[in-house]
Amino acid sequence: MTSAPAPAERAADLRRRIEDANRRYHELDAPDITDAEYDALVRELEALEAAHPELVAADSPTRRVGAVPTGRFAPVVHAVPMLSLGNAFEDGEVADFVRRIRERLDREDLVFSAEPKLDGLAISLRYQDGAFVQGATRGDGATGEDVTANLRTISVIPQQLHGSGWPKVLEVRGEVYMARADFERWNEQARLLGGKVLANPRNGAAGSLRQIDPKLTAQRPLSFYAYGVGLVEGGVLPGTHSATLAKLREWGFPVSDLDAVVHGVDGLLGYYRGIGEARDGLPFDIDGVVYKLDDYAGQREMGFVSRAPRWALAHKFPAQEQTTVVESIEVNVGRTGAVTPWALMQPVQVGGVTVTRATLHNADHVARLDVRNGDTVIVRRAGDVIPEVVQVVADRRPPDAAPWTMPTTCPVCGSEVVREEGAAAWRCSGELSCPAQLVQSLFHFASRRAMDIDGLGERYIESLAEFGYLRDVSDLYRLTLDDLLEMKRRADERDDTTPETVKAGKVATKWAENLLEAIDRSRGTTLARFLNALGIQHVGESTAKALAQWFGDLDLVRRLPWPLFKRVPDIGGEVARAIGHFLDQPGNQQVIDRLLERGVRIDDGHPPDPRLGEGLDLATLLVDLEIPKVTPVRAAQLGAAFADAQALLDAPVHNLVTAGLPAETASALAAWLEIDANADLLLRSARAQERLRGMLPARAEQAAGPLEGKTVVLTGTLESMGRDQAKERLEALGAKAAGSVSKKTSFVVAGAEAGSKLTKAEELGVEVWDEVRLLAFLKQHE
DNA sequence: ATGCCTCGAGTTCA
DNA sequence: CTCGAGGCAT
């Protein structure tokens with residue numbers, strides 16, 4: 001940090017930067033700083049000028065609103081300037097606003113008119129003898145642009161005032177905006193027919209009004225709300241803002257019916273919260289609410305400070321969408337080696353939190369958005385949670401920005417980064433020798449839904465792996481107290497952030513003991529958890545559960561050739577092969593051996609599901625092997641013609657033909673069988689079928705649960721139990737818990753603050769249970 | 001082949 | 001939460 005510059009220098013610097021940003025924004029449509037930074041600069045300059053009045057220059061940007069018009073449209077000098085409003089983000093700032101008015105007017109009860117602040121474009125409409133004669137944008141507040149022709153295409157703006165009693169000359173101020181639904185519809189069409197896709201409703205509205213050709217504007221779905229008046233000549237308006245709005249409504253202008261008259265700070269804040277809650281459901285975007293002292297006499301008395309009236313205030317919501325600048329695009333390496341790019345951005349407030357990074361998913365996604373280093377981007381929080389880059393602002397790109405490319409080597413281990421045929425994801429080929437993949441697989445292994453080792457966070461795993469205590473997951477079960485303490489000592493030493501020796505003693509020992517106990521507790525586990533923990537590709541919680549349910553036994557699963565896995569519903573060729581591939585690696589089998597040696601026990605082993613018996617024959621096997629040209633019909637013929645796999649293997653081609661196969665199929669099969677690995681797989685699979693058959697329980701002994709065959713979805717927060725627990729209890733009764741609602745869903749259990757899933761359920765007419773109903777059901781059936 | 005419906009995997013911030 | 005892609009019914 002350099003020392004603070006003298007106030008005069010700083011003020012000059014700020015003015016220069018604000019002017020520059022204004023010019024770039026208004027004239028070039030190409031700002032080089034973010035909205036948030038701009039705000040910060042203006043606020044700092046205001047503060048500086050307030051503290052040092054001698055620094056206030058006549059031409060200071062704080063005294064003006066924007067830059068001069070660009071000249072594409074004729075300039076219009078506003079008879080009454082269109083001022084901007086002071087901003088407030090905090091309740092305290094609203095209280096200050098009210099206090100200032102109360103003190104200056106010496107009044108106790110203050111009446112305000114409050115209205116939503118639409119996120120659109122401010123304009124002024126001039127009526128002479130009731131006829132619309134001219135419309136202009138705000139421009140810099142003093143001079144705007146003549147966009148009369150474009151405004152005439154907006155149907156809700158009256159060409160002729162209704163009723164009577166209007167002044168001879170009347171300027172109506174209001175906001176042109178695009179309703180959300182119209183915006184969505186427009187973009188849907190644009191994507192379909194190749195029109196201009198709009199970034200957001202606000203930009204859409206602004207861009208539409210600045211079309212040179214009014215015919216283009218006419219196609220855009222624009223709306224308008226009136227919120228005030230400018231010049232009034234040859235007539236009289238009511239004495240309050242709220243009554244004026246009522247008049248405007250009479251004369252044919254759309255006026256928001258969310259407008260309200262409220263009293264004092266509490267009234268304002270109550271209004272703010274009410275609109276805030278309604279915000280998501282409104283048909284248009286708003287960025288806050290506006291408070292205006294209702295009576296004009298009071299307004300006149302309050303007057304103005306340089307660029308804003310002292311009698312009005314914009315109380316803003318935290319923005320849900322913002323622009324910021326991408327500082328760099330980095331990549332992350334996941335458990336499976338997937339290399340995912342993400343954008344590091346200048347910090348920006350979005351929806352009340354500071355966002356600095358957002359995932360870009362994969363290389364295709366980056367290419368589609370065409371995000372580059374230095375780009376200005378629009379970010380939002382998807383579903384109000386996860387930051388997402390929506391769009392690049394194309395004309396704000398630095399001239400030297402080059403398209404982003406996926407690195408060819410892993411940034412962590414240097415292995416080659418490869419992409420599978422036709423797949424979206426690029427992967428680091430380093431497997432477990434890549435520290436990133438090792439750490440992530442250990443983390444997954446220990447996670448709550450896998451082995452559930454409490455207290456083993458990513459940090460510790462990183463250190464343990466880095467110092468060589470963990471080379472694969474089985475090493476977790478031979479860690480000693482000394483290992484942990486030494487690791488911690490070495491890590492602390494290296495980071496040298498910890499005050500010397502403070503943590504080396506009792507505290508560290510306690511931590512290590514707790515961790516060892518957690519690891520020990522995890523030794524007793526279920527087959528489903530264990531299989532999930534192994535981190536086999538395509539096998540997550542749900543598939544692991546299915547494998548456990550159908551096969552019941554680890555030793556059995558370990559020895560099955562891949563085609564057998566296809567007997568489980570929802571497991572197809574791809575997943576089956578992934579499991580087989582995992583089990584074929586001797587290293588993986590050794591890890592499993594070591595886990596068992598070091599005390600991991602599977603406590604819920606049981607015989608395989610009897611329903612497996614239906615698919616344990618040669619015909620099924622031939623289908624599952626995915627032999628070219630061998631369809632289920634042909635497989636059935638072969639199953640009938642041959643006693644077993646060996647017999648099929650020994651048969652010459654003409655025997656296949658006599659078995660009823662078309663020559664083409666027969667030769668394809670024969671060619672397939674020629675390959676040793678295939679023949680071997682066939683025989684091993686046949687033997688596995690036999691072994692499995694021998695393990696099947698005599699007859700179905702399952703007592704069908706009351707929810708057998710039902711699919712349930714849980715959403716929201718339950719009071720009496722966690723969602724996981726509710727899920728387990730429902731599953732115990734035979735239900736299948738799914739993650740998303742569809743028409744196949746039997747019912748949705750909705751707790752407090754249920755979100756989109758509940759909405760979806762209502763849309764589809766799916767039955768919804770509340771917590772009371774769930775508890776009653778569980779009580780009755782458990 | 002096409003169109004649901006799921007699941008897996010990666011991810012953010014406080 | 002979102003995207004990609006696997007499974008399966010049509």
Side-chain angles (χ1 to χ4, degrees), chain A residues 318 320 324 330-345 347-369 379-390 419-428 436-437 439-441 443-445 447 449-450 458 528 531-547 562 565-579 582 623-624 626 632 711-713 715 727 736-746 754-757 759-761 764 766:
Chain A
Q320 294 180 335
T324 184
E330 318 244 309
V331 297
N332 202 13
V333 181
R335 164 164 68 88
T336 62
V339 181
T340 51
W342 40 287
L344 268 182
M345 299 165 295
V348 64
Q349 292 288 120
V350 186
V353 302
T354 311
V355 170
T356 56
R357 50 171 63 189
T359 176
L360 296 170
H361 295 114
N362 55 52
D364 290 343
H365 194 86
V366 180
R368 209 174 315 136
L369 291 169
V379 290
R380 89 172 144 219
R381 296 216 295 152
D384 276 347
V385 187
I386 303 201
E388 171 193 31
V389 173
V390 184
R419 171 156 33 187
E420 260 174 71
E421 200 78 32
W426 290 77
R427 299 200 128 83
C428 157
Q437 291 188 57
V439 168
Q440 289 303 313
S441 27
F443 187 63
H444 169 76
F445 183 88
S447 69
R449 288 156 183 277
E458 209 173 333
L531 291 173
N532 183 21
L534 292 176
I536 303 166
Q537 275 205 36
H538 297 126
V539 178
E541 203 192 356
S542 182
T543 308
K545 224 175 239 174
L547 286 167
W562 71 262
F565 292 113
K566 290 177 72 177
R567 294 296 84 227
V568 177
D570 297 336
I571 293 183
E574 205 65 31
V575 177
R577 252 187 285 262
I579 303 169
F582 179 92
V623 173
D624 287 349
E626 298 175 15
T711 304
V712 305
V713 173
T715 181
K727 190 169 138 186
K736 186 165 149 40
S740 56
V741 181
S742 72
K743 60 188 174 197
K744 286 189 190 166
T745 309
S746 311
S756 60
K757 290 186 206 171
T759 320
K760 184 91 184 275
L764 295 172
V766 171

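Chain letters run A, B, ... following the sequence lines, proteins first, then strands; residues in each count from 1. Everything numeric in this text was worked out from a predicted model, so none of it was measured.
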Item to check | Pairing residues for A:V712 by the side-chain contact (heavy atoms from CB on, under 4.5 Å) criterion, not counting sequence neighbours | outcome: A:L730, A:A735, A:A737, A:F747
Item to check | Sugar-phosphate or base contact per nucleotide [nucleotides 5-11 of chain B; S, B, -; heavy atom under 4.0 Å] | outcome: SSSSSSB
Next on the checklist: Check the phosphate of C:dC3 against A:N362, side-chain N and O only, distance under 4.0 Å to OP1 or OP2. Yes or no?
Outcome noted: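 Indeed not, no polar side-chain atom of A:N362 lies that close.
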Checklist entry - Does A:T356 make a side-chain N or O approach to OP1 or OP2 of B:dC13 shorter than 4.0 Å? => result yes
Item to check | Euclidean distance, atom CD of residue A:E330 to atom P of B:dT12 [Å, nearest integer] | outcome: 12 Å
Checklist outcome for this item: Atom NE2 of A:H365 and atom C1' of C:dA5 are separated, to the nearest Å, by 17 Å
If the condition is side chain to side chain donor-acceptor pair (under 3.5 Å), which residues does [X] pass it with, not counting sequence neighbours?
X: A:E574; result: none
X: A:T354; result: A:Q349
X: A:R427; result: A:T336

Return a table of donor-acceptor pairs under 3.5 angstrom between the side chains of residues 356-369 of chain A and protein atoms on other chains or two or more places apart.
from   : atom 1 : to     : atom 2 : distance (Å)
A:T359 : OG1    : A:H361 : N      : 2.9
A:N362 : OD1    : A:D364 : N      : 3.0
A:N362 : OD1    : A:H365 : N      : 2.8

Checklist entry - What pair of heavy atoms forms the shortest contact from A:I536 to A:I579, and how long is it? => result CG2-CA, 3.9 Å
Item to check | Sugar-phosphate only, base, or nothing, as touched by A:R368 at under 4.0 Å among non-hydrogen atoms | outcome: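 Sugar-phosphate contact only.
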